Q: 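Here it is, the structure in full.
Chain naming here is simple, since letters A, B, ... match the order of the sequence lines and numbering starts at 1 in each. Computation of the quantities below employed the complete heavy-atom set of this structure, encompassing side-chain atoms and omitting hydrogens, waters and symmetry-equivalent molecules. This is a predicted model, so every value here is computed, not measured.
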Amino acid sequence: MSSSPPIDLNQPVGDRIEKTTCYMCACRCGIDVHLRGDKVRYIEGNRDHPVNKGVLCGKGSAGIMQHYSPARLQAPMKRVGPRGSGQFEEITWDEALEIATGWLGDVRRRDPKQLAFFTGRDQSQSLTGLWAMQYGTPNFAAHGGFCSVNMAAGGLYTFGGAFWEFGDPDWEHTKYFLLFGVAEDHASNPIKAGIGKLKGRGGKVVSVNPVRTGYAAVSDEWVSIKPGTDGLFVGALIHEMFRNRTIDLDYLGRYTNSGWLVIQDAGAADDGLFARDEDGAALVFDTETQQLSNAMNPDARAAMTGARTLPDGRQARPVFELLAERFLSPDYAPEAVAAETGVSAEQTRRIAAELARVAFEEEIVLDRPWTDWAGRKHDKMIGRPVSMHAMRGISAHSNGFQTCRMIHILQILLGTIDCPGGFRYKPPYPKQTPPNLLPHGASGDIKPEMPLGGPHLGFPHGPEHLLLDEEGGPNRIDKAFSWDAPMSSHGLMHMVINNAARKDPYGIDVLFLYMANMAWNSSMNVPGTLDALTETDENGDYVIPKIIYSDAYYSETVPFADLILPDTTYLERYDCISLLDRPISEPDYLADSIRHPVVKPDRDVRGFQEVLIDLGARLGLPAFTTEDGSPRYPGGYADYIVNHERKPGIGPLSGFRGDGTEFGKGAPNPDQLQRYIDNGAFFEHRLDPSHAYFKHANRGYLDWGIEKGIRLSPEPTIFQLYSEPLQKFRLAGRGHGERQPPDRARERLERYFDPLPFWYPPFEGTQVARDAFPLHAITQRPMHMYHSWGSQNAWLRQITAANRLYIHRSVGDRIGAADDDWVWLRSHLGRVKCQVRLMDGVNPDTVWTWNAIGKRRGAWGLSADAPESNQGFLLNHLISELLPAKEGGYRYSNSDPITGQAAWFDLRVAIEKADGAGTTEPFFEPLGASGQPPSPSKLAYGAEFRKDGR
Amino acid sequence: MTCLPQSTDKKLGLVIDLDICVGCQACATSCKEWNTGGYSAPLSDHDPYGADPSGVWLNRVHSYEYERDGAAGTLHFPRSCLHCEEPDCVTVCPTGASYKRAEDGIVLVNPDTCIGCKLCSWACPYGAREYDHDHGVMKKCTLCVDRIYNETLEEEDRVPACVRACPTGARAFGDLGNPASDVSRSVEERKGFSLLEEFGMKPVNRYLPPRQRPAPPPEPAEPVAVADGSALETLFAWVDRTLSSRR
Amino acid sequence: MHPAYSVIFFTTSSGAGYGLLFWLSLAEILVPGLLDRWPALAALVLALMLISAGLLASTYHLGHPERALGALSQWRSSWLSREAVAAVATYIPAGLLGIIWIAGLPEGMVPVLAGLSATGAIATVFCTGMIYASLRTIRQWNRPDLPWIFLALAAATGGLLFALFAAFAGAGLQASLVSVMSLSVGAGVKLRYWSAIDAEKPRYSVEDALGVPGLTSVRSLDPPHDRPNFVMREMGYTVARKHVEKLRQFVLINLFAVPLALVLIGALSGWFIAAFSLAILMATLGVVVERWLLFAEAEHVSQLYY
Ligand SMILES: Nc1nc2c(c(=O)[nH]1)N[C@H]1C(S)=C(S)[C@@H](COP(=O)(O)OP(=O)(O)OC[C@H]3O[C@@H](n4cnc5c(=O)[nH]c(N)nc54)[C@H](O)[C@@H]3O)O[C@H]1N2
Ligand SMILES: Nc1nc2c(c(=O)[nH]1)N[C@H]1C(S)=C(S)[C@@H](COP(=O)(O)OP(=O)(O)OC[C@H]3O[C@@H](n4cnc5c(=O)[nH]c(N)nc54)[C@H](O)[C@@H]3O)O[C@H]1N2
Ligand code: SF4
Ligand code: SF4
Ligand code: SF4
Ligand code: SF4
Ligand code: SF4
Ligand SMILES: [Mo]
């Protein structure tokens, strides 16, 4: 027997490694890019990186195919055929920038409102927002309004943080993890690693989700809830906590407004507001002194029960009482909600008991002394190892804001926010509740050639902060911060195109989009959006006259734009993942990071931020020009990242400032980018262990935060079980105050702006006949695909090239459909033809599919017979951006009434078997794609890396 | 070479924890990415942007629904070559291109001598061999032989690409021939099992079963009976009592 | 299993070739002079042509035919290698026979060479059968009778070819006897095979394949990849039961019944040449379908995962 043939076991992976940041999704893991010559040989996780600690997900590991996609745009283009035809002419960058400057400059001189600038999941909002502010249009936002604003606002108004990207379970210590409505989320790798760790040490994972795949598949218990009813389920859990008296009273007393007194004076202008002293401080009843006291008096012992008489003789009751009353009501008893939620009373009660047992009987204690906001010293940190996380299963319903608040209240009752084993803030969080950041862009603020007075997006504390026009109507094209969606802290990107085409509230001249596939998977009602994009007026001119778009790939939206600014891929450009935006911090670390060009573009493309800064200078926007009118950042984005200062000493990157040793605040450091690159493309600072928990009330953390410029107020963050801003809107609805809503809005304000969270049925379900549309339809993100852009990836699309509609076996039996049979799925808006797959692990009243797999013919470099376009489908064709008209004819957006969050998952459908085989419908004309290179018919990537070349 | 080594010094292999595998596909794509430029380069793809995309993958992740003790579940199940102790894929190979290494038990194909007769793929019960039509040779999981000994890599990186990537930590690599190794111990502890062993296959790789879900504890005890008054009053009385006792 | 045309052609063509070689050699030993020098040479050349065409075709489905010589190396464990060795080895005595006949050399060595050729033919076909029979992964193949089926069908198809030569040499009647025998044996083993594989239950279930203790009613939710991959295309080929029935009948009729009838008619009528020629045509069709079915009916364990 001969021995094994010799093989080269020591071949170096590449000839160099560049460390940068992944952008196959928004999790922003650190990557080591191994390069051989100028080709990418291998991409793996950066072990030192705070986010992913070396691991990499399915998408990140397929980055090579994303980078070398044949659908990459090649050069700037000007539309020459009709919109949608895909007939383009390549132009030079000079010409492209001249056209853009012409269009934008004209609008800025006339009426800056005529520009709507909306961006997708680009992570450069601190730059794009600044640019829009400088430009002076009120019409700027990113995608948060259709994505996660219910979670962001729900959290920030309640406890100054949020699930989303602003916090994480304490993966090191937690023992019980309750996960609501998450298939993947932004913390893609951290959640996976966390679940692996938690289960490894015998902890329990409970997944509340209509579908049992992914995380729900590995959970120890699955709660197969009916979509949109989590508020009832959580309400029932809270009910049980009150009933069983398993709540952390100390924690409530210390960190929440549970003792704050709420004025009880029906009909008064301040009914339901906090009783306050002359200085405006909220009042509590101090049981020690038996007197009213400033709620922030650390020595006061606030009563949590009992009506009290205010100096003016009126009655006031503590928040705790009101809260307990609400949830101890029989409406929230497990038995009462079981039919609606589909969760048995036994299961609810058992989970409630387990939560309480783990929180209170498996308490963990860290021997870490710390000092609280009032200067009281504690010698240990007491942890309640129950953690929760939630995302779009909650967020994407029209009752998401209140449901999200309810989950937070459950956490707070159990004492599990930012304690060991609980849910932890990531710096720079927490903020104040609500954050001290107000929206800008009311009518008086908009003047030709003038910057806006402040950032567009913020957190109104009451009607006084709405952005209204002279008549009290919306001043923003998306109607954000109007009576339609008063607390829409992220804008309503999903309404922009349709509002603009209907000129409601007004028409615009230039629509400027960046990195959002708005003509396809990020729009509700795709056919309607396509009509809006191509709508013409009586002269035959487009109602939205000019569309500028920056994409990196030939997506479905590209053919609808008039001017294309082709972006680079994530390996070709600088990016800045800034604390001013959505940072990559972890609970124990303050962190931010960059991307830098590790491969040179082989096409005539430019990083969008580069282009935006250039446009800013050409338009003469003050922040982008010097006094003599020359560009302020001649070195482009890299120059901006290093030298821009938001406030003195505070710039896009927090690390290596000044002489390189300072962080947070410090003078610009010309070496900063190199320092980042040398450090693996990120900066991290480990928090002092005594600052690591109870950040909302941790003197050390609060002071450190101010020192480092990440916190504005030395005051602690007080959890708002009762949210006063909501009551202020409600009072306006009752006719109080100067700013008055239109009459049609009054009922909404009264009903939904309840300062204590409550459950109400999602809108669509109440507006269509239940028996006509008996099923809920939802989507899930596949772990291996990122929205629409995964399908151009030769490896990822082999895993999922077409999506099926997953239905419960009983539904299949009922309509007589077997695997792969075609069905019609109908909503009040339209119908879609698709193929089914039968399964057991889904709530029987729910059907679902993978999100954004369906593609339009002609896009993404895919052939016309690609399964993505023949069998793949979108639920978006069935989702309406508007609710059916009510009396009075006004059609509200299909969104949460408080935050304007798009209600994707409220969709109700009916299903029937379709005849025969065929292809998916609706059928859209194939898009043209002139100028795009043909896609190869086979790939042998890596053949060139073989020693002998073959 | 086609004849098997009498015994191997080590039995290197993978242990895959089905209890925490979420089916994310990271092991599949990182494997593809590593190997398309590595020992087996390339792993070709046909019709990559067309109607019928397919390609060579050395690791694929299935999902199933099942029942166990009356409870239903969903299982994600990654599948790659199991580096069998007595692999039929090796003994059937006419050229000796397919072989099992005596030093560590890794089963490999020599891409320079394989004639592409595909017989080994017929002999593998697990469907773990993948023919590369473009390259004309058989490919399979190499256990990342070009990583695990690679001295140009940091020592901690000398593990297979799929193990290195797996975000949940569901994949472990080690010597299953050594009872003291971490992988052997986890197999021991968690009652790891192998595939089709009862039919005479002797795979080295092991899987760890989904943990038995803890039996639901008995119904929670009813709260202390509400003597008189409503639940609300009882709660408030408790709150007042508790708060005043803390003074 | 996916029925690859090159493999079907290879096994049927070389099977017939080896069958012919076997009968020719047997005749040279037992009935020397049955065929004259030139007809014997013609039969030999035809046999070698069929064999070579088959072998050549088999290299078609190789990814690297230019490396095919490597397949001779692993005879200690690989039936495919053994087959290759046997095939190459058989060329030597058969080739020498040819040389003797072409050059008109003394024929003293003919019986020895013929004996070696016949043994080589049997060995090669046996090895071919064993390639399939040794695969534990396919229950329809992993059976002791499989090489005998290959041998029987090689003998039957080669026998018909030999019968044609014998008929030219005036030994039609004896040849008929041989053909009737070999066709009957072929039909017998094949019928027995079919009833055996039909009676046998699948050896493995998807629960076995996953191996997780205690699982029941396992069903695939999502395959790893959307479109069929190599393993599914190669190993996942199946035909519907009703087609199988039809095709089996086709084989029975074309490969066995009709040729048998034709041989009998030939024997009764004396129109040997026409009868054998027709029988050969029918049997060729029959054996090709038989071989196609052998693949199409074979179920591979790996498909349990899909
Ligand atoms: N791989 C991958 N990762 C991504 C993305 C991607 O496209 N691909 N997208 C990123 C983006 S932009 C976002 S916003 C995040 C979103 O991340 P996720 O929040 O994980 O979003 P979805 O995949 O939509 O998951 C929603 C989950 O909620 C469930 N669900 C639906 N309705 C309900 C309900 O009423 N109640 C409950 N309890 N559950 C419900 C669905 O079954 C599904 O499992 O993911 C980010 N991460
Ligand atoms: N039915 C249904 N619809 C949904 C959702 C759902 O759950 N269900 N989820 C919603 C949510 S939360 C979100 S966030 C949206 C996401 O939807 P989109 O924001 O539209 O996300 P993508 O499909 O990823 O498209 C983004 C665009 O960015 C482009 N792009 C990619 N990389 C780059 C780059 O480097 N530079 C530039 N300039 N462009 C680039 C892509 O080519 C693509 O055209 O979908 C929403 N739509
Ligand atoms: S989760 Fe995956 S795709 Fe997203 S950044 Fe991390 S590695 Fe990249
Ligand atoms: S990478 Fe890990 S968790 Fe993901 S599919 Fe593979 S084994 Fe499962
Ligand atoms: S799993 Fe298959 S390919 Fe791997 S060693 Fe075993 S038989 Fe061979
Ligand atoms: S395909 Fe290659 S490795 Fe497989 S049996 Fe044939 S020669 Fe051996
Ligand atoms: S060990 Fe290497 S070759 Fe094998 S499956 Fe893992 S990554 Fe792929
Ligand atoms: Mo999103």
Side-chain angles (χ1 to χ4, degrees), chain A residues 1-2 4-5 9-12 41-42 44 55-58 61-62 64 70 189 192-193 195-196 199 212-215 217-218 220 242-245 249 304-305 324 328 349-350 353 783-784 794-795 797-799 801 839-841 861-863 865-866 935 937-943 945-946, chain B residues 1 3 19-20 22-26 28-30 32-34 36-37 39 41-42 44-51 53-55 65 72 74-76 99 101-102 110 134 145-146 149-152 164-170 213-214 216-217 219-220 223 231-232 235-236 238-240 242-243:
Chain A
M1 201 187 66
S2 46
S4 314
L9 298 175
N10 289 309
Q11 199 185 107
R41 158 68 181 94
Y42 187 58
E44 67 188 334
V55 302
L56 210 60
C57 82
S61 303
I64 293 179
N189 282 328
K192 292 191 188 78
I195 289 179
K199 293 202 73 183
R212 190 188 61 210
T213 54
Y215 301 149
V218 302
D220 300 286
F242 280 128
R243 196 175 67 94
N244 294 328
R245 302 182 296 274
L249 284 179
M304 292 208 200
T305 59
L328 264 178
R349 270 204 303 269
R350 187 164 41 70
M783 289 186 183
H784 55 277
W795 296 343
R797 73 182 289 263
Q798 288 182 49
I799 300 171
M839 70 185 291
D840 295 300
L862 301 180
S863 69
D865 54 359
S935 299
S937 63
K938 68 178 188 192
L939 282 177
Y941 193 84
F945 300 141
R946 267 192 93 76
Chain B
M1 273 176 284
C3 291
D19 188 54
I20 54 173
V22 294
C24 71
Q25 304 278 356
T29 56
S30 62
K32 174 105 176 158
E33 191 193 31
W34 173 260
T36 199
Y39 172 82
S44 313
D45 299 297
H46 273 251
D47 204 15
Y49 304 101
S54 72
E65 290 193 317
T74 308
L75 187 74
H76 300 290
Y99 63 102
R101 286 158 50 98
N110 182 347
D134 202 44
V145 67
D146 47 354
Y149 298 111
N150 196 327
E151 284 164 16
T152 71
R164 170 86 162 74
C166 176
T168 62
R213 310 294 181 220
E219 270 285 284
L232 210 52
L235 172 73
F236 292 169
W238 171 75
V239 169
D240 293 343
T242 312
L243 289 183

Q: Mind checking whether B:V145 and B:R101 have side chains closer than 4.5 Å, heavy atoms only?
A: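 When only atoms from C-beta onward are counted, B:R101 and B:V145 do touch, with a gap below 4.5 Å.
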Q: List for me each residue that meets salt bridge (Lys or Arg N to Asp or Glu O under 4.0 Å) alongside B:D45, sequence neighbours excluded, and say none if there are none.
A: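 Testing B:D45 for salt bridge (Lys or Arg N to Asp or Glu O under 4.0 Å), a comparison that skips the adjacent residues, returns B:K32.
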Q: Do the non-hydrogen side-chain atoms of A:L939 and B:Y49 ever get within less than 4.5 Å of each other?
A: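 In contact.
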Q: Heavy-atom pairs under 4.5 Å with chain B are the metric here; pick the option from A:R797, A:M304, A:K938 that has the most.
A: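 Between A:R797, A:M304, A:K938, the count favours A:R797.
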Q: Hey, which of B:D240, B:V239, B:L75 has the most heavy atom pairs under 4.5 Å with chain A?
A: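 Maximum pair count with chain A is reached by B:V239.
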Q: Just give me the residue among A:G841, A:G214, A:A193 that pairs up with chain B most often, heavy atom to heavy atom, under 4.5 Å.
A: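 Highest number of pairs under 4.5 Å: A:G214.
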Q: Which heavy-atom pair separates A:P5 from B:N110 by the least distance, and what is that distance?
A: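 For A:P5 versus B:N110, the nearest heavy atoms are CG-ND2, 3.6 Å.
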Q: Can you sort out the partners of A:K192 under side chain to side chain donor-acceptor pair (under 3.5 Å), two or more places apart, ordered by chain and number?
A: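 A:K192 satisfies side chain to side chain donor-acceptor pair (under 3.5 Å) with A:E184, A:S188 once adjacent residues are dropped.
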Q: Non-hydrogen atoms of chain B under 4.5 Å away: do they reach the side chain of A:I799, the backbone, both or neither?
A: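 Interface part for A:I799: side chain.
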Q: Report yes if the side chains of B:L235 and A:R245 come closer than 4.5 Å at any heavy-atom pair, otherwise no.
A: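 Side-chain contact under 4.5 Å: yes.
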Q: Which bit of A:L862 comes within less than 4.5 Å of chain B, counting heavy atoms only: side chain, backbone, both or neither?
A: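 When you check distances to chain B, atoms from both the backbone and side chain of A:L862 fall under 4.5 Å.
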Q: Which heavy atom of A:C57 sits nearest a heavy atom of B:T29, and at what distance?
A: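 Looking at all heavy atoms of both residues, the shortest contact is O-OG1, 4.3 Å.
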Q: Find the one option among A:S61, A:G196, A:G942 whose heavy-atom pairs under 4.5 Å with chain B are most numerous.
A: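 Looking at each of A:S61, A:G196, A:G942 in turn, A:S61 comes out on top.
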Q: Side chains of A:W795 and B:E33: does their closest heavy-atom pair fall under 4.5 Å?
A: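 Yes - at least one pair of side-chain heavy atoms lies under 4.5 Å apart.
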Q: If you count heavy-atom pairs within less than 4.5 Å of chain B, which of A:M839, A:E44, A:K199, A:R41 leads?
A: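 Among the listed options, the one with the most contacts to chain B is A:R41.
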Q: Heavy-atom pairs under 4.5 Å with chain A are the metric here; pick the option from B:E151, B:Q25, B:E65, B:H46 that has the most.
A: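 Of B:E151, B:Q25, B:E65, B:H46, B:E65 has the most heavy-atom pairs under 4.5 Å with chain A.
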Q: Less than 4.5 Å to any heavy atom of chain A: does that hold for the side chain of B:C24, its backbone, both, or neither?
A: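 Both backbone and side chain of B:C24 come within 4.5 Å of chain A.
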Q: For B:A72, is it the side chain, the backbone, both, or neither that has a heavy atom closer than 4.5 Å to a heavy atom of chain A?
A: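 Both backbone and side chain.
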Q: For chain A, find which of B:D146, B:V22, B:D47, B:I20 contributes the most heavy-atom pairs closer than 4.5 angstrom.
A: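 Looking at each of B:D146, B:V22, B:D47, B:I20 in turn, B:V22 comes out on top.
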